[in-house]
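One structure is given here, and the rest of the page talks about it.
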Amino acid sequence: MTRIIIDCDPGIDDAIAILLALASPELDVAAITTVAGNVSLDRTTANGLRLLELAGRGDVPLAAGCDRPLVRVSDRDASEVHAVDGLGGVSLPRPTARPVDEHAVELIARLAVERPTTLVAVGPLTNVALLLARHPAAAARIERIVVMGGSGVGGNVTPAAEFNAWFDPEAASRVFSSGMPITVVGLDATHQATLSAAEVERLGTVGRIGAVAAGMLRFSLDFAEREGREGVAMHDPLAVALLVDPSLVTLEQVAIEVECGLGPARGATIIDRAPSRLTIDYGAIVDRPRFAALLHERFAALGTDGLPG
Ligand code: RIB
Ligand code: CA
């Protein structure tokens, strides 16, 4: 069993990633930490709490992290992609729980020195960069960081940049150049990890939580259709799925540079395959059918009471 902490900005695909992790007996979700990104920190934090309660996992601590990127605050978020509430307009009950009274960076550092832990970072990397700066010794105890971010095939928030790298490029640069054991799934991989409308509808038939997931994903499907794309890319769930079944994603060794200038290429990630600098495992090929089957199987296992059946 792999002990993980999920640092995220729920966000529809973050929500699916969290629920997939909670439904997978191979993973022990030790904590959820939240960061500003898709929507504000207040909303990503409330959404994280809602998702834990939806899954009956109020036992998992959630800590809020940074409410803005390290250097430059943008006036854009991703509410167009995730709806203003961040969860596709699916109304989940207001959470009864509150975040723990500890900053996300402190919680990650404290848990990292307790037991071997993998950090799954599926939002902007602000919290992770601060962890490296504030608690380098604790960060060094982290077994692996699995990141959803970056792209070698152009951007999604701008023509040049993928959203998580774009929202906080300085943080992404700090993490990618850290020398830590890092696995990254960028758009090269996550654009292969799509669900069709029919697969989303099938997900909606596997129980209460599957129905909520399908409700959120219908918003994503509508957005994708407006953008002229078929199906919905499951960016963040792929980062979790590769921990559940590493055979789902073929990796290659690369280095990643991040453009931190203030021009139109800000947040672009240059994927460098020069043999002398290969430090990151980068997702190249995804077995989409088996990925989609895993998602369906795990949501079905969530049953109606929210716990793995
Ligand atoms: O580019 C996709 C990433 O940006 C995902 O993590 C999604 O949730 C958004 O944060
Ligand atoms: Ca995310």
Side-chain angles (χ1 to χ4, degrees), residues 4-21 32-41 43-45 47-48 51 62 64-69 74 76-88 90 104 119-128 145-169 171-172 175 183-195 213 216-217 219-221 223-224 227 229 231-242 256 258 266-269 271 282-283 286:
I4 67 170
I5 296 169
I6 303 176
D7 186 74
C8 54
D9 60 335
I12 294 170
D13 60 329
D14 305 71
I16 307 300
I18 292 168
L19 294 171
L20 174 62
I32 302 285
T33 54
T34 54
V35 68
N38 285 320
V39 291
S40 67
L41 178 68
R43 286 203 166 123
T44 60
T45 300
N47 290 340
L51 292 160
L62 183 145
C66 296
D67 69 354
R68 71 199 69 187
S74 163
R76 275 181 71 182
D77 60 15
S79 48
E80 178 195 14
V81 181
H82 298 268
V84 170
D85 69 345
L87 294 181
V90 170
L119 179 57
V120 182
V122 293
L125 290 165
T126 317
N127 290 341
V128 183
I145 304 178
V146 179
V147 173
M148 190 284 133
S151 172
V153 290
N156 55 2
V157 63
T158 70
E162 175 279 325
F163 180 83
N164 287 334
W166 169 85
F167 192 88
D168 196 339
V175 173
T183 300
V184 175
V185 284
L187 298 184
D188 321 50
T190 63
H191 277 168
Q192 299 175 49
T194 56
L195 286 190
M216 291 189 273
L217 288 171
F219 187 93
S220 302
L221 282 167
F223 178 80
E227 297 251 308
R229 287 197 311 272
V232 53
M234 304 300 281
H235 305 289
D236 298 344
L238 186 63
V240 169
L242 75 78
I256 302 179
V258 187
R266 181 167 171 79
T269 44
I271 309 301
Y282 193 65
V286 174

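Whatever order the structure lists ligands and atoms in, that order sets their numbers, starting from 1.
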Minimum heavy-atom distance G123-D9, with the two atoms named: CA-OD1, 3.4 Å
For F163, the ligand 1 atoms whose distance to one of its heavy atoms is below 4.0 Å: 1 (O), 4 (O), 9 (C), 10 (O)
Sphere of radius 3.0 Å around the Ca ion (ligand 2) - protein N, O or S atoms inside: D9 OD1, D14 OD1, D14 OD2, V122 O, D236 OD2
A104 backbone acceptor or donor facing N127 side chain under 3.5 Å: no
Nearest-neighbour protein heavy atom for atom 8 (O) of ligand 1, which is reported as residue plus atom name and distance: D13 OD1, 2.5 Å
Atoms of ligand 1, numbered as shown, that sit under 4.0 Å from any heavy atom of D14: 8 (O)
F223 and F219 aromatic centres sub-6.0 Å: no
Location of contacts on V81 toward ligand 1, heavy atoms closer than 4.0 Å: neither
V122-ligand 1 polar pair, N/O distance under 3.5 Å: yes
Test of proximity, H235 against ligand 1: N or O pairs below 3.5 Å: no
Identified side-chain contact (heavy atoms from CB on, under 4.5 Å) counterpart of I6 within the set L62, V122, T34, L119: V122
R68, CZ atom: more than 12 neighbouring heavy atoms under 6.0 Å: no
Part of D9 with heavy atoms under 4.0 Å of ligand 1, whether side chain, backbone, both or neither: side chain
